[in-house]
Amino acid sequence: MQRGLLMAKKKSKKNGIILIIFCIVIIIAIYFFINNIKPDKAKDLLKEYMGYIEEQKYDEMYELLSDESKEKVSKEKFIQRNKNIYEGINVKNISLKTIVVNKDENKIKYQVEMDTIAGNISFFNEVSYIIKNENYYINWNSSLIYPDLSDDDKIRVEINESQRGKILDRNNNILAEQGTVSVVGFVPGKIKEKESAIKNVSKLLNVSTSFIEEQLKVANEDEFVPIKTMSNEDEEKIENQLLQIKGIMISSENARVYPYNEICSHLIGYATTINSEELAENKEKGYTSNSIIGKTGIEKIYEDKLRGTNEAKIYIVDANENKKKTITKIEKKDGANVKLTIDINIQTKIYNQLKEDNGLSVAINPKTGEILAMVSTPCYNPNDFVIGFSSDEWEKINNDKSNPLFCRYQSTWVPGSSFKPIIGAIGLTTGKFTADEDFGKSGLNWQKSEKWGDYKISTLQNYKETADLKNALIYSDNIYFAKAALKIGDDLLAKELLNTGFNQDIPNIKYMEQSKFSSNNKFSSEIQLADTGYGQGKLLINPLHMASMYSAFVNDGNMIKPYIEYSSEDKKEYWIQNAFSKEAANEIKEDLIQVVEDENGTAHEAKIDGITIAGKTGTAEIKSSQDDKDGTEIGWFNCFRVTDRSSEQLLIINMIQDVKNKNGSHYLLPKVRKMFE
């Protein structure tokens with residue numbers, strides 16, 4: 001019994017020891033738990049404070065300050081100081097890398113990184129905090145912004161702007177560069193006969209008198225008051241008229257200038273001050289609210305290459321503006337020049353032929369793929385976007401029914417008969433018919449069967465010759481090519497069109513619409529298939545894509561890949577190899593020569609003595625139904641010079657809208673003649 005009692009006592013003692021150890025562990029755990037609350041709250045305090053900086057919530061930041069800090073700096077001064085500094089250096093992407101809390105001294109050591117106008121800044125810092133009613137507050141002074149910054153110091157930003165790269169043509173002619181514009185303004189104290197002066201300037205600058213009066217109202221007597229920026233091309237008006245008005249002063253200002261004005265407007269585009277939406281889209285690229293950015297054309301496409309990097313320096317100065325320390329600096333780097341394959345002489349020649357029309361032209365070297373010209377008319381003057389529009393001028397250009405801001409060659413259009421060579425090439429390549437196969441006479445109207453109801457396909461000419469491929473191209477026989485499409489068949493034609501670039505982006509070239517032949521890559525009916533054969537139906541084609549397709553007739557059936565950035569090396573590449581068979585391509589080329597050479601050919605007016613031109617006209621109908629008598633017409637003439645000389649290679653796709661009462665596509669022929677002469 002004693003032994004049992006002894007065993008019970010030992011067991012009880014052992015359990016007591018275990019209980020004590022358990023209690024000690026619990027106490028230690030509670031101790032560490034309680035002591036670990038402070039560091040977590042302190043970290044959260046710092047994270048919350050730093051998070052408000054990028055959100056520009058300076059009011060909320062101030063609420064996290066201790067009472068002692070608030071006594072030293074008013075809310076207004078705190079907000080103004082932080083706003084001026086953080087927004088002045090364009091702070092973004094703030095991140096805390098390391099946070100260490102000293103609970104005994106109520107201090108937080110941390111590392112912070114941020115992007116600024118002058119690059120990335122990374123530094124270590126320390127801040128103290130207080131605990132009041134279990135809430136945590138920051139003891140603030142200016143060193144929280146940057147360790148070496150005292151409350152009397154200021155942070156300065158110095159910017160030295162870089163040069164934007166030039167845009168050049170293949171022969172180094174300048175298409176865009178940094179130049180100067182003239183800023184016209186008044187010096188109020190020097191004005192004589194104020195009312196008359198304002199009235200004259202208003203008329204010369206197309207600016208309202210009320211605007212001028214408003215600008216002068218708040219100006220000092222010796223202050224230069226800018227009224228309008230003018231291109232240096234207006235030198236005669238500036239010298240002979242504006243400077244004759246007492247009180248007028250002219251100053252120069254750096255700006256982007258476009259020497260060829262309207263001639264290259266859609267091609268080169270323009271670059272002006274970035275807007276808020278663009279700034280948000282490019283927030284990681286170092287732009288500021290004063291940056292210039294390409295808006296359209298080459299200026300936009302090659303923005304990353306053309307734009308330079310401004311020299312930017314962030315530094316601290318004391319109360320006397322003495323420099324104390326440079327925080328960070330990035331070196332200036334000017335933008336690179338962009339040299340294009342464009343030939344400004346060809347561009348100008350084409351523009352001069354189309355400038356009075358709503359139209360487009362795309363010219364390439366079909367052997368190399370170099371784009372030699374791209375014209376869309378009517379045009380605008382890109383210099384106007386640099387110097388700015390008055391409200392009346394902007395309203396006028398926006399309401400212009402001819403839509404000069406619309407770049408036509410980027411869009412897609414109904415090709416009409418200009419597409420017939422493509423159908424012919426597909427038919428020959430797939431073996432669905434031969435070049436000398438006679439499709440038979442069908443008169444001027446035809447339908448496959450009575451299932452078509454009242455729908456008939458019409459053509460313009462009855463011809464005596466055999467209805468074979470060459471004659472069908474010479475006379476532009478709609479019925480022949482409707483039959484050709486039906487012979488090829490819907491599935492095969494859809495496949496071949498997809499294999500020749502439909503529903504694809506044009507490689508190397510941005511912002512071009514994809515060519516389409518239907519909404520779902522299928523033909524919904526026999527009629528749609530037949531209409532596609534002569535370039536109607538739901539067919540829509542991009543002019544540059546059309547140029548590549550026609551290049552196959554020069555390259556044994558291979559479609560050239562267009563490109564626009566010049567290279568001294570041979571950059572020739574094919575976009576689509578074997579788009580057509582060699583035999584088919586050469587047959588179409590010979591037939592297209594006859595479209596121009598044969599006196600019955602629809603393009604015979606384009607014949608030039610001593611030059612061999614191959615081409616195809618096309619008049620596309622744009623109407624709501626077959627019975628629509630008010631629809632318009634689009635005129636095409638696609639052609640190329642047949643030559644073995646590399647320097648003479650030229651293929652041009654031309655289109656003019658609204659040719660219904662201008663003899664259709666024939667309206668284009670004399671214009672295109674002059675492009676080749």
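Numbering starts at 1 and runs along the sequence shown.
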Participant: When you compare the side chains of N261 and N383, does any donor N or O come within less than 3.5 Å of an acceptor on the partner?
Facilitator: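 Yes, side-chain donor-acceptor contact under 3.5 Å.
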Participant: Check this for me, if you would: do K339 and E565 make a salt bridge, where the nitrogen-to-carboxylate-oxygen distance has to be below 4.0 angstrom?
Facilitator: no
Participant: Check whether NZ of the Lys or CZ of the Arg R307 lies under 6.0 Å from the centre of the six-membered ring of Y302 and within 45 degrees of that ring's axis.
Facilitator: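 Output no; distance or angle outside limits.
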Participant: What I want to find out is whether E633 reaches K660 closely enough, with some N-O distance under 4.0 Å, to be called a salt bridge.
Facilitator: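 The answer is no: the pair does not qualify as a salt bridge.
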Participant: Do I342 and L267 come within less than 4.5 Å of each other through their side chains, counting heavy atoms only?
Facilitator: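 In short, these two side chains touch, coming nearer than 4.5 Å.
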Participant: Given side chains that start at C-beta, do those of L469 and I588 come closer than 4.5 Å, heavy atoms only?
Facilitator: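 When only atoms from C-beta onward are counted, I588 and L469 do touch, with a gap below 4.5 Å.
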Participant: For residues H266 and F406, establish whether the separation of their ring centroids is below 6.0 Å.
Facilitator: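 Ring centroids of H266 and F406 are no less than 6.0 Å from each other.
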Participant: Considering all heavy atoms of both residues, which atom of K295 and which atom of T273 are nearest to each other, and what is their separation?
Facilitator: NZ-O, 3.0 Å
Participant: Is the terminal nitrogen or CZ of K441 (NZ for Lys, CZ for Arg) located under 6.0 angstrom from the six-membered ring centre of Y463 and within 45° of that ring's axis?
Facilitator: yes
Participant: Pairing donors with acceptors under 3.5 angstrom, does anything connect the side chains of Y667 and D357?
Facilitator: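 Yes, D357 and Y667 have a side-chain donor paired with an acceptor closer than 3.5 Å.
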Participant: So, F433 versus F439, ring centres under 6.0 angstrom or not?
Facilitator: yes
Participant: Would you please indicate yes or no on a ring centroid separation below 6.0 angstrom for F502 and H545?
Facilitator: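 They qualify: ring centres under 6.0 Å apart.
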Participant: Provide the closest heavy-atom pair for A603 versus L669 in the form atom of the first, atom of the second, distance.
Facilitator: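 Closest pair (atom of A603, atom of L669, distance): CA-CD1, 3.9 Å.
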Participant: Show me the side-chain donor-acceptor pairs of residues 487-499 shorter than 3.5 Å, one per line, residues at least two apart or across chains.
Facilitator:
residue	atom	partner	partner atom	Å
K487	NZ	E437	OE2	3.3
N499	ND2	K495	O	3.3

Participant: Below 4.0 angstrom, N of the basic side chain to O of the carboxylate: do K470 and E465 qualify?
Facilitator: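 The answer is no: the pair does not qualify as a salt bridge.
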Participant: State, yes or no, whether a side-chain contact exists between E621 and I634 at a heavy-atom distance under 4.5 Å.
Facilitator: no
Participant: Can a cation-pi geometry be assigned to K483 and W446, taking NZ or CZ under 6.0 Å from the six-membered ring centre and within 45° of the ring axis?
Facilitator: yes
Participant: Please determine if E597 and K607 form a salt bridge, counting it only when a charged side-chain N lies under 4.0 Å from a carboxylate O.
Facilitator: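 Answer for the salt bridge query: yes.
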Participant: Going by the rule salt bridge (Lys or Arg N to Asp or Glu O under 4.0 Å), which residues pair with E370 if we only count those two or more places apart in sequence or in a different chain?
Facilitator: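 Testing E370 for salt bridge (Lys or Arg N to Asp or Glu O under 4.0 Å), a comparison that skips the adjacent residues, returns R170.
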Participant: Is there side-chain contact between E677 and I611, with heavy atoms separated by less than 4.5 Å?
Facilitator: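 No, side chains not in contact.
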Participant: Taking the six-membered ring for Trp, are F517 and F523 ring centroids under 6.0 Å apart?
Facilitator: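 Yes, they do, as the ring centres are separated by less than 6.0 Å.
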Participant: Taking the side chain as every heavy atom from C-beta outward, state whether K420 and N478 have any pair of such atoms under 4.5 Å apart.
Facilitator: yes
Participant: Between V672 and C639, which heavy-atom pair has the shortest distance, and what is it?
Facilitator: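 Result for this residue pair: CG1-SG, 3.5 Å.
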Participant: Check step by step if ring-ring contact (aromatic ring centres under 6.0 Å, His included) holds for Y380 and F385.
Facilitator: CA-CA 9 Å; Y380 61 87; F385 282 88; 5.3 Å; yes
Participant: Both conditions, 6.0 Å and 45 degrees, for the charged tip of K571 above the ring of Y563: are they met here?
Facilitator: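 Flagged: K571 positioned over aromatic ring of Y563.
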Participant: Do we see a donor-acceptor contact under 3.5 Å between the side chains of N503 and N521?
Facilitator: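 A pair is found: one side chain offers a donor N or O, the other an acceptor, under 3.5 Å apart.
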Participant: Do we see a donor-acceptor contact under 3.5 Å between the side chains of T412 and S515?
Facilitator: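 Result is no, nothing qualifies.
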Participant: Can you tell me how far the CG atom of N558 sits from the CG atom of N578, to the nearest 0.5 Å?
Facilitator: 5.5 Å
Participant: Yes or no on side chain to side chain donor-acceptor pair (under 3.5 Å) for Q514 and D505, after CA distance, side-chain angles and deciding distance?
Facilitator: CA-CA 6 Å; Q514 293 182 351; D505 289 331; 3.0 Å; yes
Participant: Of L168, D169, L175, which is the lone residue that meets side chain to side chain contact (heavy atoms under 4.5 Å, CB included) with L340?
Facilitator: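 Of all the options given, the one that passes is L175.
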Participant: Grab the two heavy atoms, one from D598 and one from I474, that are nearest each other, plus how far apart they are.
Facilitator: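 The answer is OD2-CD1, 3.9 Å.
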Participant: Just jot down the side-chain hydrogen bond (donor to acceptor under 3.5 Å, both in side chains) partners of T466, sequence neighbours excluded, or say none.
Facilitator: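 Here no residue qualifies.
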Participant: Is it true that F481 and F419 have ring centroids separated by less than 6.0 Å?
Facilitator: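 No, too far apart.
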Participant: Which atom names give the shortest non-hydrogen contact between R408 and N403, and what distance separates them?
Facilitator: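 Closest heavy-atom pair between R408 and N403: NH1-O, 3.4 Å.
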